[in-house]
Amino acid sequence: MRPPRLPSLRATARYSTSQSRLRPAAARSPASICVASTRLASDCPPSGSRTLASSLAERTGRRPAALQIRALRPPPRRGPAPISSAPLHRGVPLGSATDSTASVVPLGFHRGRRAPRTRAACLSAAPRSPETRLTRLPCLLCAGAVPNLRTAQAAPLLRLTARQDLLRLETFAVGSTSVLFSSRKGPQKLRSLQPVLPNRGSQLNRDTKDLRGFQWPSRPPSTPAGIKCAVIEKNVEFTRHPRAHFINNRTMEIFRKLDGLAGDIERSQPPVDLWRKFVYCTSLSGSVLGSVDHMKPEDFDKVISPISVAHFSQYKLVDLLLKKLEAIGFQTCFPSEIGISTQDVELESKILMGHECTSLQQTDEGILVGTSVNNGERILERKLHCGILLGTDGARSTVRELAGISMEGERDLQKLVSVHFLSRDLGRYLSSQRPGMLFFVFNPGAIGVLVAHDLEHGEFVLQIPFYPPQQMFEEFGSKVCEQIIVKLVGWEPADVQVLDIKPWAMHAEVAEKYISCNNRVVLAGDAAHRFPPAGGFGMNTGVQDAHNLAWKLGLMLNGVASPSILQTYESERRPVAIFNTELSVENFKAAMSIPASLGLDPTVANSVHQVINRSLGSIIPRNVQKAVLEGLFSIGRAQVSDYILNEKNPIGSLRLARLRSILDEGKSLQLQFPAEDLGFCYEEGALVTEDCSQKTQKGVKLEHSERTSREYIPSAKVGLRLPHMLVRALPASSEGVFSTLDLVSMDKLEFVLIIAPLKESYEIARATLKVADEFKLSVKVCVMWPHGSDDVEVEESRYVLAPWTNYVNVEELPRVSGNSWWEMCRISRKNVILVRPDEHIAWRTEWDMVRDADSEVRGVFSRILCLNGHHV
């Protein structure tokens with residue numbers, strides 16, 4: 001059985017016309033969405049809607065004799081001109097993104113109504129004069145963050161050119177049907193405008209300049225996710241620097257539902273035996289001080305999750321994601337391909353490389369983002385409009401800075417130089433002699449951590465600590481880095497090729513808030529949190545941010561949920577980020593305990609560095625300071641020389657014993673954290689919290705636990721991920737065996753109610769289906785039957801739940817422990833469990849606690865969707 005696809009996220013809107021006015025309903029209830037690796041301004045004064053006639057008169061000085069709205073072909077530009085309302089924060093220097101992938105988000109809605117679907121529109125009137133470029137987007141996505149294809153879809157979006165003599169048309173576009181407007185009697189007749197739906201295959205008669213139909217553009221393949229968007233990326237190309245590489249269980253579970261992405265990763269990653277260990281040594285060819293195997297037999301048995309962890313370089317993940325995007329119609333556009341045309345670029349389903357955000361302005365309808373692009377001949381300015389801006393642009397987020405959101409936590413825990421290099425000689429040697437993922441190397445010549453991204457192809461990243469200003473990044477050229485590599489290897493590989501060298505600083509910070517600018521700016525991924533790399537929480541937490549946000553955006557854009565549901569994204573995900581930050585720091589300190597046990601305490605090195613900066617920084621030249629610092633470090637590295645670090649030396653013997661004790665007790669750097677990866681719990685948000693007496697056990701709450709207790713304990717507590725268990729559909733079908741996580745649909749945004757085949761539970765299920773219809777929600781009932789149930793018994797569901805058919809009967813499969821589904825979840829069969837589209841439990845109760853099922857369920861959905869004053 002294929003893993004389920006992610007729920008569909010559809011953007012809906014409607015339009016309204018009145019005398020001298022054409023305005024979208026989104027102007028009253030906007031939810032256009034834009035993602036950008038840009039700096040955004042906050043608290044910008046909104047610009048109100050204008051009537052069509054007055055705007056034209058203001059721009060041209062007279063009322064035009066004729067008005068025509070055409071589709072797809074805007075009038076030619078005659079030269080650039082600034083938009084009248086200048087954006088804030090113009091020309092602020094930009095930071096660079098630290099990630100290379102992209103999250104995706106949607107555009108405009110008006111609750112309960114669907115709009116005629118427009119592909120593109122252009123408003124023109126005489127006389128002609130230089131125009132201002134304004135591109136209106138249903139969704140703008142910017143690379144620089146963790147990807148989430150769940151909301152990424154190819155679909156039409158509005159392209160609007162507004163010249164100086166024209167109205168800045170306040171309009172929108174969603175869906176895949178084009179709607180054309182035509183009038184020859186001037187703006188005073190706009191009240192009578194009617195949408196003209198062109199016939200497929202017809203042509204636009206340009207001789208009469210009337211709309212008699214047009215050729216429908218080819219549509220990209222459609223998938224169930226359904227959100228329209230474009231992508232903007234500051235850089236001209238995605239980085240090939242590997243960066244993140246460990247993908248935990250929960251993230252792989254999410255990737256299972258991205259059109260087979262998890263399977264692609266599993267087939268492309270190196271064999272697990274080549275990366276399951278961390279190795280501690282004096283050189284890559286010298287003495288091994290110790291090693292830790294981070295994979296256990298249960299990791300391969302898939303007991304707690306339907307899929308295992310993975311080791312896969314981030315840039316390769318980006319390549320796979322780009323292929324997924326191309327498969328649904330996205331195109332990557334480079335500045336040279338855009339050229340110097342004065343006409344608007346078709347932005348639908350585009351990944352715009354080399355686009356840099358320069359400004360932001362908040363309007364009635366959302367966010368007006370100014371971007372610039374250098375195509376080699378000239379700097380082009382482009383305005384992009386959206387209702388919500390999702391900032392997923394990495395650790396040095398432009399979005400975060402322009403939104404005025406500060407970070408809280410510890411800065412500059414360590415500064416390092418990252419060296420990306422290739423050496424098949426070294427890869428073959430390590431594959432055969434001492435395979436591993438991380439190699440911690442300590443010797444008198446050099447100290448560093450080598451990350452083996454792919455031993456089979458000889459791809460590595462070396463992390464070297466450095467201490468500015470005495471040591472400058474510019475001093476780490478290719479030759480210097482090659483010399484350090486040779487010292488760490490212990491012999492000279494013949495084919496070392498340094499590809500890239502980057503500096504970076506390690507922080508442990510979380511944004512003070514995730515939502516800003518009146519719910520118009522949302523942070524996700526590294527833009528919202530910066531962790532030490534210990535444990536691989538950065539990229540994984542970012543993917544899970546997007547997973548949490550996507551279904552909420554989808555329901556909001558469909559008019560089902562209140563806009564305040566976005567606040568639950570912050571109330572749920574920010575505590576997780578704070579906890580993961582603390583856990584990453586704890587794990588980083590555990591990693592530092594190894595060199596400290598060998599006499600190389602990093603805190604001493606940092607203290608020496610601070611003393612030099614404070615006492616000598618303003619007195620002696622930098623080169624002298626550098627000589628003093630490196631001399632002291634050389635004395636420190638002598639502690640790991642063969643003379644000291646051996647069993648015959650009393651000091652060395654004691655240090656080696658201490659190191660072995662740390663490794664044996666699991667107090668060194670850890671790779672897997674199943675209790676945290678799978679057991680994180682949302683204590684408040686888009687869910688119905690339990691009574692205090694039913695609170696989650698301490699072992700699975702977001703609380704610090706002892707490092708030795710990292711075991712994941714399945715539980716059906718509210719806020720937790722639904723536990724994984726293998727089940728079989730009844731009656732027997734071709735679907736075979738699948739995970740309980742697969743009960744959550746990949747085809748649409750759907751809640752799942754899990755019940756036992758009990759009369760009282762069926763009554764709650766009927767009430768749930770009835771109320772879901774009222775809320776225009778998709779809900780599926782899953783009846784969990786015990787192992788061995790026959791088809792005659794199962795038929796009961798059909799009769800009891802009629803006339804509804806959106807239910808499924810499943811049978812528990814025997815487990816080694818012998819526990820049933822309900823026993824594994826630590827609850828009785830009297831319980832009913834409501835699961836959200838992101839597979840987290842939103843509500844749980846026992847049937848004998850429910851007095852009025854309709855009223856109870858109605859209150860539950862109102863709480864989850866933040867309706868009727870249920871705000872977080």
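All values below were derived from every heavy atom in this structure, side-chain atoms included, with hydrogens, water molecules and symmetry-related copies excluded. Owing to the predicted nature of the structure, the values given are computational and were not obtained by experimental measurement.
Leu741 CG to Ser305 OG: the interatomic distance, rounded to the nearest 0.5 Å, is 7.0 Å. The CG atom of Leu523 sits 9.5 Å away from atom OG1 of Thr392, with the distance rounded to the nearest 0.5 Å. We find the NE2-OG distance between His457 and Ser431 to be 10.5 Å, quoted to the nearest 0.5 Å.
Looking at Glu665 and Ile662, their side chains never come closer than 4.5 Å, going by heavy atoms from C-beta outward. Under the 4.5 Å side-chain criterion, counting only non-hydrogen atoms from C-beta, Gln483 is not in contact with Cys481. A heavy-atom distance below 4.5 Å is found between the side chains of Phe460 and Leu430. Contact annotation: the side chain of Trp504 approaches that of Pro533 to within less than 4.5 Å [non-hydrogen atoms, C-beta and beyond]. When side chains are defined from C-beta on, Pro674 counts as touching Ile304, because their heavy atoms get closer than 4.5 Å. Contact check for Ile594 versus Phe442: side-chain heavy atoms found under the 4.5 Å cut-off. Residues Pro532 and Leu413 form a side-chain contact, since some pair of their non-hydrogen atoms from C-beta on lies under 4.5 Å apart.
Side chain to side chain, Thr581 and Glu509 fail the donor-acceptor criterion of an N or O pair below 3.5 Å. With no hydrogens or angles considered, a side-chain donor-acceptor pair links Asp299 and Gln672 at under 3.5 Å. Counted by atom type alone, Tyr429 and Arg434 present zero donor-acceptor pairs between their side chains at under 3.5 Å. A donor and an acceptor atom, one from each side chain of Thr251 and Asn540, are located under 3.5 Å apart. Residues Asn580 and Thr541 bring a donor and an acceptor atom of their side chains to less than 3.5 Å of each other. Side-chain contact of Ser653 with Glu647: a donor-acceptor pair under 3.5 Å is present, judged by distance alone. Arg844 and Asn831 form a side-chain donor-acceptor contact under 3.5 Å, judged by distance and modelled atom types alone. Glu630 and Ser634 share no donor-acceptor pair across their side chains, judged by distance under 3.5 Å alone. His724 and Ser739 are linked by a side-chain donor-acceptor pair at a separation below 3.5 angstrom, with hydrogens and angles left out of the test. Side-chain contact, Asn548 with His840: no donor N or O sits under 3.5 Å from an acceptor N or O. Inspection of the Ser423 and Asp425 side chains reveals no N or O donor paired with an N or O acceptor under 3.5 Å.
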Decide ring-ring contact (aromatic ring centres under 6.0 Å, His included) for Phe680 and Phe579; before the verdict, give the C-alpha distance in whole Å, the side-chain angles of both, and the deciding distance to 0.1 Å. CA-CA 9 Å; Phe680 63 86; Phe579 178 81; 9.5 Å; no

Please report the C-alpha distance between Ile485 and Phe421 in whole Å, then the side-chain angles of each, then the deciding distance to 0.1 Å, and finally whether the side-chain contact (heavy atoms from CB on, under 4.5 Å) criterion is met. CA-CA 10 Å; Ile485 291 170; Phe421 71 96; 3.7 Å; yes

Working for ring-ring contact (aromatic ring centres under 6.0 Å, His included), residues His294 and Phe278: CA-CA 8 Å; His294 292 281; Phe278 290 176; 4.1 Å; yes

Passes side-chain contact (heavy atoms from CB on, under 4.5 Å), Asp412 versus His507? Steps please. CA-CA 5 Å; Asp412 296 330; His507 308 293; 3.1 Å; yes

Could you go step by step and tell me if Trp491 and Ser283 meet the side-chain contact (heavy atoms from CB on, under 4.5 Å) rule? CA-CA 9 Å; Trp491 51 274; Ser283 75; over 6 Å; no

Begin from the C-alpha positions of Ile247 and Val309 and carry the test side-chain contact (heavy atoms from CB on, under 4.5 Å) through to its verdict. CA-CA 6 Å; Ile247 308 176; Val309 299; over 6 Å; no

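Between His420 and His241, the ring-plane angle classifies as perpendicular under the 30° and 60° cut-offs.
Asp319 and Arg240 are joined by a salt bridge, as a carboxylate oxygen and a charged side-chain nitrogen come within less than 4.0 angstrom of each other. We find that Arg256 and Asp742 are joined by a salt bridge, their nearest charged nitrogen and carboxylate oxygen being less than 4.0 Å apart. Contact check on Glu582 versus Lys589 returns no salt bridge, with no Lys/Arg side-chain nitrogen under 4.0 Å from an Asp/Glu carboxylate oxygen.
Only one option out of Arg573, Glu572, Arg836 pairs with Tyr682 in a side-chain hydrogen bond (donor to acceptor under 3.5 Å, both in side chains); it is Arg573. Of the candidates His547, Arg721, Arg250, Arg250 is the only one forming a side-chain hydrogen bond (donor to acceptor under 3.5 Å, both in side chains) with Glu839.
Contact detail for Met824 and Pro723: the closest heavy-atom pair is CE-CB, 3.7 Å. Across every non-hydrogen atom of Thr740 and Val727, the tightest pair is CG2-CG1, 3.9 Å. Nearest heavy atom pair, residue Gln639 against residue Gly599, reads CG-O, 3.8 Å. Between Asn587 and Gly535, the shortest heavy-atom contact is ND2-N, 3.4 Å. Nearest approach of Phe439 to Ala452, heavy atoms of both residues: CE1-CB, 4.0 Å.
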Quick one: side chains of residues 261-275, donor-acceptor pairs under 3.5 Å with protein atoms, not counting sequence neighbours, listed by atom name and distance.
unit_1	atom_1	unit_2	atom_2	d
Asp264	OD1	Arg267	NH2	2.5
Asp264	OD2	Lys324	NZ	2.8
Ser268	OG	Asp264	O	2.8
Gln269	OE1	His311	N	2.9
Asp273	OD1	Arg276	NH1	3.0
Trp275	NE1	Pro270	O	3.1
Trp275	NE1	Pro271	O	3.4

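By the 6.0 Å contact criterion, CG on Asp642 is open, its count of non-hydrogen atoms from other residues, nucleotides or ligands being 12 or less. Summarising the local packing, CD1 of Ile651 is surrounded by 12 or fewer heavy atoms from other residues, nucleotides or ligands at distances under 6.0 Å. In this structure, Phe473 places its CZ atom where more than 12 heavy-atom neighbours from other residues, nucleotides or ligands lie under 6.0 Å away.
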